[in-house]
Amino acid sequence: MRTSIATVSLSGSLTEKLTAAARAGFDGVEIFENDLLASPLTPEEIRARCADLGLSIDLYQPMRDIEAVPEDEFARNLRRARHKFDLMRRLGTDTVLVCSSVSPRAVDDDALAAEQLSRLADLARDCGVRVAYEALAWGRHVSTYDHAWHIVESAGHPALGTCLDSFHILSRGSDPKGIEDIPGEKIFFLQLADAPLLAMDVLQWSRHHRCFPGQGGFDVAGLVRHVLRTGYDGPLSLEVFNDVFRQAEAGPTAVDARRSLLVLQETVGRAVPPEPVVPTGVAFAELVTPDAEPLTALLGALGFARTARHRGKPVALWEQGEARILVNTGPAVRRDGTQLAAIGLESPDPAAAARRAEALLAPVLPRRRAPEDAPLDAVAAPDGTELFFCATGRPGLPDWRADFEDTAPAPAPAGVRGIDHLALTQRWHHFDEAALFHHGVLGLHAQESVDVADPYGLLRSRAVTNADGSVRIALTVGAAPTDDTVHAQHIALATGDVVASARRFREAGGSLLPVPANYYDDLAARFEFADGELETYRDLGILYDRDAHGVFRHCYTRTVGRVFFELVQRDDGYRGYGAPNAPVRLAAQHAARALTGG
Ligand SMILES: O=C(O)c1ccc(O)c(O)c1
Ligand SMILES: [Mg+2]
């Protein structure tokens, strides 16, 4: 199917928007009047620019407050329309959007609305234009798609059809099944937007919080299925008013947008990209650091041992149980301090996983970094984290482990069994993109996003997981643009006994994040503990949570660069990440940083 995007969905000048849309692979655009008015290009130049970029102009929008108004006002509207239809001829576009009137002068008279829209359509037909009438969810008298369709139907004019917009339909809770009663050829245009489920004024919701399909809470794919059953064969067009996207760079937003439509088309059976290959485990986490010492001291105290080194690069492998951490001190990575730079994901079929990623517009990284390296399939996530698709120890497939030579045997078990989860900080503009990426590209399930109070801002966090929980990634972002380095990334290590692991860590010279006594007083009020249990937690800085399934106990190391470690004991199928404890942990980390000046 053809894909299109409204210029309002992207930031920048009209030229920047068009370039971004074309680069991301869209077939067409909806040109918003304001983008045209503000552009130094003539309509002919805009038309030529679009043609050069391979973009059609699928819609010009919008005309407002046209219908069901007193005759003198309608005469003025027709005059305005004549100008706009002439402009559309110069632009080379044939469909104009008319949204249902919000004017206080509009009257509640469907017959009048139909009659006036019909006269508008007469004029349009003479100019080679079609009119697509759309119900705004906050329209004065027409606010539902079926009402708009009844007016269009009763007008019975060949140059008048309807424009369906998933936001207006789903935000009002209308049943989209009724769309199937509209003949496909009378649906002149289809606009798609998702949105988080918020209880708020629908106009504000629409103008500030729309997002791309798959990023919110609406069943946009379900709606599209109804539309396709009518025989609609126009474009799928994204019309997203969003405060964040207005500020974000247009290029990545356009790619995110196109990816959302690729996933949507797959969901409704209109595209067959390579199937998702869901990762089955974490092969390794790679930290880069300009100074290995603090990190290796920390790993040592956590019970890790350095077991191998890369044959060609300054990268060491540290292991414990199934947890494998690469410490990379290469010069290319020294600039930005210690951070989590790459994740190895066990993949049932690394090459197929990379094909899926490429089909969904993920940046594919070179397979071989150096001539002697094993060729590994890898892609970049929206936050820049490199994701390697691994086949550790599987004969016949390239193995990252082959690039390493052993230097020491694996350490005796010291409590850590593997990596429980990884927490990655997203750049502010890319949070929704990140969730869609991990879901669409990697086939991980995205859980609800949760708000977490940090003393200096609100964080949003959303976990993406595979079915058995062997891959868990927590995506986190500040609610407003901040210095990203404030919010650290972390590696959570799974242990069967967090008390023993925490003690061992401390005895080995590690220091755990201290937690205020008030927190433990509150725990005592909320839960019952065995004698001495709470005192142990208080002593070690262990935090505690319970959900419907089980119990979670966890504690934190100090932060090195942007990275810290968490020790977690997840019992009886606990599903979360200790979110209720996060505000206390964040405050404690700020306090610790203030003390150390770090
Ligand atoms: O918010 C608006 O005014 C507006 C305009 C045109 C549309 O297609 C729409 O869905 C909303
Ligand atoms: Mg719309």
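All values derive from a computational prediction rather than experimental measurement. Counting starts at 1 for both ligands and their atoms, following the listed order. Residue numbers count from 1 along this sequence. These values consider heavy atoms only, across backbone and side chains, with no hydrogens, waters or symmetry-generated copies.
With ligand atoms numbered from 1 in the order given, ligand 1 contributes 1 (O), 2 (C), 3 (O) to contacts under 4.0 Å with heavy atoms of Arg207. Distances below 4.0 Å separate heavy atoms of Leu136 from the following atoms of ligand 1: 4 (C), 9 (C), 11 (C). Taking every heavy atom of Arg64 and a limit of under 4.0 angstrom, the matching atoms of ligand 1 come to 2 (C), 3 (O), 5 (C).
If you look at Arg210 next to ligand 1, the close heavy atoms, those under 4.0 Å, all belong to the side chain. Contacts between Phe32 and ligand 1 below 4.0 angstrom, taking non-hydrogen atoms only, are absent altogether. Contact annotation for Phe167 and ligand 1: no heavy atom of the residue comes within less than 4.0 Å of the ligand. Residue-level proximity to ligand 1 for Leu203 is absent, since no heavy atom of it falls below 4.0 angstrom.
Take the Mg ion (ligand 2) as the corner point: the lines to OD2 of Asp165 and to OE1 of Gln191 open at 100°, to the nearest 10 degrees. Rounded to the nearest 10 degrees, the angle OE1 (Glu239) to the Mg ion (ligand 2) to OE2 (Glu134) equals 170°.
Under a 3.5 Å cut-off, the side chain of Glu30 and the backbone N or O of Leu59 do not form any donor-acceptor pair. Put simply, the side chain of Glu239 never gets that close to the backbone of Ala193: no donor and acceptor are under 3.5 Å apart.
A salt bridge does not link Glu249 to Arg427: none of the charged nitrogens lies less than 4.0 Å from a carboxylate oxygen. Remark: Asp52 does not engage Arg49 in a salt bridge, criterion side-chain N to carboxylate O under 4.0 Å. A salt bridge does not link Asp122 with Arg119: none of the charged nitrogens is closer than 4.0 Å to a carboxylate oxygen.
For the atom pair CZ of Phe431 and CZ of Arg462, the computed distance is 7.0 Å after rounding to the nearest 0.5 Å.
The shortest N or O to N or O distance between His168 and ligand 1 is below 3.5 Å.
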